[in-house]
Amino acid sequence: MKLKRTNTCGELRGNDVGKQVVLNGWVDGWRDLGGVLFIDLRDRYGKTQIVFSPELPREVYETAKKLRSEFVVAVKGVVRPRPPEAKNPNLPTGEIEVAVEELEILNSSKTPPFELKEFVEASEELRLRYRYLDLRRPVMQRNLILRHQLAQITREFFTAEGFVEIETPFLTKSTPEGARDCLVPSRLHHGKFYALPQSPQTYKQILMVSGFDRYFQIVKCFRDEDLRRDRQPEFTQVDLEMSFVDEEDVMDTMERYMEVVFRKLLNRNITRPFPRLTYQEAMEKYGTDKPDLRYGLTITDVTEVFRESDFKIFRSVANEQGFIGALFVPEAAAYSRKQIDGLNQYVMELGGKGVAHLKKQGREFTTGISKFLSEREFARLRELGKDFDSALVLLLADAETEKAQTLLGYLRQKLAEDLGLIDPSQFILSWTVDFPLLEYSAEEQRYVARHHPFTSPKLEDIPLLDQHPERALARAYDLILNGNEIAGGSIRIHQRELQEKMFRVLQISPEDARQKFGFLLEAFEYGAPPHGGIAFGFDRLAMLLSGVESIRDVIAFPKTTSALALMENAPSEISEEQLKELGLELRKN
RNA sequence: GGGGUCGUAGUUCAGUUGGUCAGAACGCCGGCCUGUCACGCCGGAGGUCGCGAGUUCGAGUCUCGUCGGCCCCGCCA
């Protein structure tokens with residue numbers, strides 16, 4: 001190319017008038033007025049209007065007439081002010097334009113399959129197939145640049161805090177617990193497989209044994225599970241681990257990290273310390289372990305109201321140690337029968353048995369299940385709902401307490417969305433703590449780790465592991481932002497005896513434990529310091545900070561919800577030779 | 001694994017009970033236009049109605065299957 005840029009398409013202003021400049025960029029659009037020809041030239045820094053006059057040498061003018069969308073061009077010209085009535089206040093460069101003298105077409109372009117203008121939305125399928133075009137759109141460039149800045153702030157912050165960034169292997173060992181592994185067959189060892197890491201968990205713990213003290217990494221992790229708008233099989237974590245710390249040290253460091261992120265990225269101040277909810281409180285009040293605290297609408301426990309009720313379903317749930325919860329929704333006081341049916345439908349789709357309702361008007365409860373209730377029950381409900389003059393009261397019962405709470409949590413969230421109770425400009429961070437260490441898996445007929453098998457129980461709960469393991473709490477903490485889990489971590493077990501006890505509780509045999517985690521157990525015998533850490537969902541955090549709805553909008557080359565890559569067309573079949581080399585044979589079905 | 005929803009021109013969509021329903025806008029192509037910036041005006045081209053079966057005299061429309069996008073449940077230590 002002859003004409004190399006002197007300036008970007010986003011930087012020229014009124015005080016550049018008179019300068020001779022060269023711009024390089026893409027044709028964003030053109031307006032041919034018959035004589036004068038305007039072209040918007042775009043690069044990642046912005047757009048600048050360039051002007052071709054009919055008085056130009058014939059071949060320059062004729063070439064300019066041939067320019068079309070997404071042609072790549074270089075122009076040389078003079079910055080001049082626009083006539084006052086032709087200034088464009090919507091464009092940072094709108095004071096000026098470049099009067100072209102020379103034009104070089106660096107490349108032509110086929111007509112793009114969709115328009116790249118910001119206000120035109122192509123289907124996501126098309127955007128993913130032509131991702132290189134989609135990524136030319138300013139909004140996508142802003143998202144990826146914000147992601148970059150988040151990464152830089154992260155490196156700066158943790159480096160300043162004395163953390164060391166250390167890379168860990170991608171070709172590693174399959175582990176029995178947790179998500180399904182992404183597997184890589186070994187060519188040199190037929191019949192054996194590497195697994196891509198679900199997280200660098202064991203490596204970072206071993207780095208603590210090695211004395212690195214404070215480790216972090218911005219790292220890809222892999223989990224072969226089904227996708228969601230905030231989940232991909234490959235995703236990025238900010239992973240970190242600290243030695244000689246307890247929960248408070250980790251949480252305090254993370255709060256300061258978040259403070260810096262919000263200040264530098266969004267110019268917002270957040271207040272520390274973040275509120276903390278125990279798992280139990282979160283479930284009881286919000287029906288989830290990751291509550292969105294931007295709105296109230298908390299669950300009221302009404303189980304005891306119905307112990308003697310004539311409404312038999314509720315009475316039996318109340319007497320079977322189940323849970324009955326109520327949502328008092330003043331904003332929905334005028335809900336129609338149809339709208340309430342819709343909520344009932346929603347609950348049933350989620351696997352619930354349905355939702356009962358009442359309408360509170362002053363002291364009276366009407367409609368719904370009111371005819372089954374006694375004066376004593378009304379009196380108790382009046383007391384529990386005394387803060388609400390009029391409200392729709394939704395009641396949900398289930399013999400399984402957590403199921404009832406979870407369904408109420410979904411209902412709470414749906415109501416908040418439907419009723420517009422959520423302020424999208426707010427960011428509320430909170431911790432969820434005191435998680436149960438274990439949960440019983442009916443499928444596997446054993447206890448499984450709720451977090452992971454290296455999470456330390458609360459020290460005072462260690463004795464519970466023998467008789468009532470389900471009651472033991474974990475030294476774990478999740479960081480919640482607006483109803484999203486953005487980080488989760490724990491203080492780890494650092495003593496071999498306790499780790500072995502955990503494996504026993506999880507019914508992982510000593511042989512299995514040795515085979516799967518022997519290296520970690522062995523490392524723990526050589527002076528493992530007390531340690532703990534946390535990992536952030538980096539994509540999810542970038543998504544929330546960008547204000548976009550899907551993780552795909554902050555990942556350059558994401559997968560679809562069926563885990564396909566539409567641009568490069570992965571996954572794909574491999575050749576017979578490749579299979580043979582790996583010692584693999586495809587099963588025919 | 002399950003549920004919901006969508007698939008019609010290059011794109012975004014409309015298309016009624018199965019019967020001139022192959023349509024609009026944008027884009028594209030041609031022409032006109034010297035201050036536009038979502039330029040304007042005139043004209044034109046452009047369709048395997050995702051794919052495959054079936055029902056029917058007749059299917060974009062109904063049924064079944066299948067592929068794909070999105071959302072949700074399960075799953076995601």
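Small disclaimer: the values here were computed from a predicted structure and weren't measured.
Counting only heavy atoms from C-beta on, A:V36 has its side chain closest to B:U34 among B:U34, B:C28, B:C26. Distance from the side chain of A:A86 is smallest for B:G35 among the nucleotides B:G30, B:G35, B:G27. Set against B:U36, B:C76, B:C29, the side chain of A:E225 has B:C76 as its closest nucleotide. Taking the side chain of A:K117 as heavy atoms from C-beta on, and the options B:U11, B:C39, B:U34, the nearest nucleotide is B:C39.
Base-pair partner of B:C64: B:G52 (Watson-Crick or G-U wobble, both distances under 3.5 Å). With a cut-off of 3.5 Å on both pairing distances, B:G46 has no Watson-Crick or G-U wobble partner at all. Pairing partner, B:U17: none, since no Watson-Crick or wobble contact has both distances short of 3.5 Å. With both pairing distances under 3.5 Å, B:A24 is matched to B:U12 as a Watson-Crick or G-U wobble pair. Nucleotide B:G35 is matched to nothing when pairs are restricted to Watson-Crick or G-U wobble geometry with both distances under 3.5 angstrom.
For the residue pair A:Q413 / A:E417, a side-chain donor-acceptor distance below 3.5 Å is found, with atom types taken as modelled. Looking at A:Q49 and A:R31, their side chains do bring a donor and an acceptor atom within 3.5 Å of each other. A donor-acceptor contact closer than 3.5 angstrom links the side chains of A:D239 and A:Y215. Side-chain contact annotation: A:S123 with A:E125, donor-acceptor N/O pair under 3.5 Å absent. For the 3.5 Å distance criterion, the side chains of A:Y203 and A:T172 qualify, holding a donor opposite an acceptor.
Between the CZ atom of A:R80 and the P atom of B:U36 there is a distance of 14 Å, given to the nearest Å. The distance between atom CG of A:L67 and atom C1' of B:C28, rounded to the nearest whole Å, is 16 Å. Rounding to whole angstrom units, CZ of residue A:R31 and P of B:A38 are separated by 7 Å. Here B:G10 presents its C1' atom at 13 Å from CG of A:L116, a figure rounded to the nearest Å. Put simply, NZ on A:K403 is 11 Å from P on B:G74, counting in whole angstrom units. Atom CG of A:L91 and atom P of B:G35 are 20 Å apart (whole Å). Rounded to an integer number of Å, the gap from CG of A:L33 to C1' of B:A38 is 14 Å. Whole-Å rounding puts the A:R127 CZ to B:C70 P distance at 11 Å.
At the phosphate of B:C70, neither OP1 nor OP2 sits under 4.0 Å from any side-chain N or O atom of A:S123. Residue A:R229 places none of its side-chain N or O atoms closer than 4.0 Å to OP1 or OP2 of B:C70. Contact between the side-chain N/O atoms of A:Y410 and the OP1/OP2 oxygens of B:C72 is not found at any separation under 4.0 Å. The phosphate of B:G69 has neither OP1 nor OP2 within less than 4.0 Å of any side-chain N or O from A:T561. At B:G69, one or more side-chain N or O atoms of A:T560 fall inside 4.0 Å of OP1 or OP2 (strictly under the cut-off). For B:U11, the OP1/OP2 oxygens have no side-chain nitrogen or oxygen of A:R129 closer than 4.0 Å.
For A:E225, the salt bridge (charged side-chain N to carboxylate O under 4.0 Å, His left out) partners two or more places apart in sequence, or in a different chain, are A:R180. For A:D16, the side-chain hydrogen bond (donor to acceptor under 3.5 Å, both in side chains) partners at least two apart in sequence or on another chain are A:K19.
For the C1' atom pair drawn from B:G3 and B:U8, the interatomic distance equals 26 Å after rounding to whole Å. Separating the C1' atom of B:G60 from that of B:A22 is a span of 9 Å, rounded to the nearest Å. Taking atom P on both nucleotides, B:A25 is separated from B:C64 by 36 Å, rounded to a whole Å. Nucleotides B:C76 and B:C72 place their C1' atoms 14 Å apart, quoted to the nearest Å. Taking atom C1' in both B:C21 and B:C49, the straight-line distance is 11 Å, to the nearest Å. The same atom, P, is picked in B:G10 and in B:G68; the two are 22 Å apart, to the nearest Å. The separation of B:A14 from B:A53, taken at their C1' atoms, amounts to 28 Å, rounded to a whole angstrom. Comparing the P positions of B:A45 and B:G1 gives an interatomic distance of 48 Å, to the nearest angstrom.
Among the heavy atoms of the strands, none lies under 4.0 Å from A:Y130. Here A:D32 lies in heavy-atom contact (under 4.0 Å) with a base. A:L564 comes within contact range of the sugar-phosphate backbone alone, with a heavy-atom separation under 4.0 Å but no base atom that close. Residue contacts for A:E97: at a heavy-atom cut-off of 4.0 Å it reaches a base atom on one of the strands shown. Within the 4.0 angstrom heavy-atom criterion, only backbone atoms of the sugar-phosphate kind lie near A:A179; the bases stay farther away. As judged by a 4.0 angstrom heavy-atom cut-off over every strand, A:R180 is placed among residues making no nucleic acid contact. Residue-level contact check: A:K87 touches the bases, meaning some heavy atom is under 4.0 Å from a base atom. Among the atoms of the strands shown, only primed sugar atoms or phosphate atoms (P, OP1, OP2) are found under 4.0 Å from some heavy atom of A:S562.
In this structure, A:P83 and A:P453 both approach RNA chain B, and ranking their closest nucleotides by distance from the 5' end singles out A:P83. Toward the 5' end of RNA chain B, the nearer of the two residues A:A449 and A:S550, judged by each one's closest nucleotide, is A:S550.
Judged by distance alone, with hydrogens and angles left aside, A:D226 brings no side-chain donor or acceptor close enough to the base of B:C75 to form a pair under 3.5 Å. Counting atom types as modelled, A:R552 pairs no side-chain N or O with a base atom of B:C70 as donor and acceptor under 3.5 Å. Not a single donor-acceptor contact under 3.5 angstrom links the side-chain atoms of A:R223 to the base of B:C75. A donor and an acceptor atom sit less than 3.5 Å apart, one in the side chain of A:R228 and one in the base of B:G74.
A salt bridge is absent between A:E95 and A:R13; no separation between the charged side-chain nitrogens and carboxylate oxygens falls under 4.0 Å.
The stretch residues 39-61 of chain A touches RNA chain B through A:Q49, A:P54, A:E55, each having a heavy atom within less than 4.0 Å of the strand.
Residue-nucleotide stacking is present for A:F38 and B:U36, judged by a side-chain ring centre under 5.5 Å from the six-membered base ring centre and planes under 30° apart.
Under the 6.0 Å distance and 45° angle rule, A:K220 does not count as a cation-pi partner of A:F235.
Ring geometry for A:Y130 versus A:Y132: interplanar angle over 60°, hence perpendicular rather than tilted (30 to 60°). Aromatic ring orientation, A:Y279 versus A:F435: tilted (interplanar angle from 30° to 60°).
When all heavy atoms are compared, the tightest approach of A:G483 to A:I480 is N-CG2, 3.9 Å.
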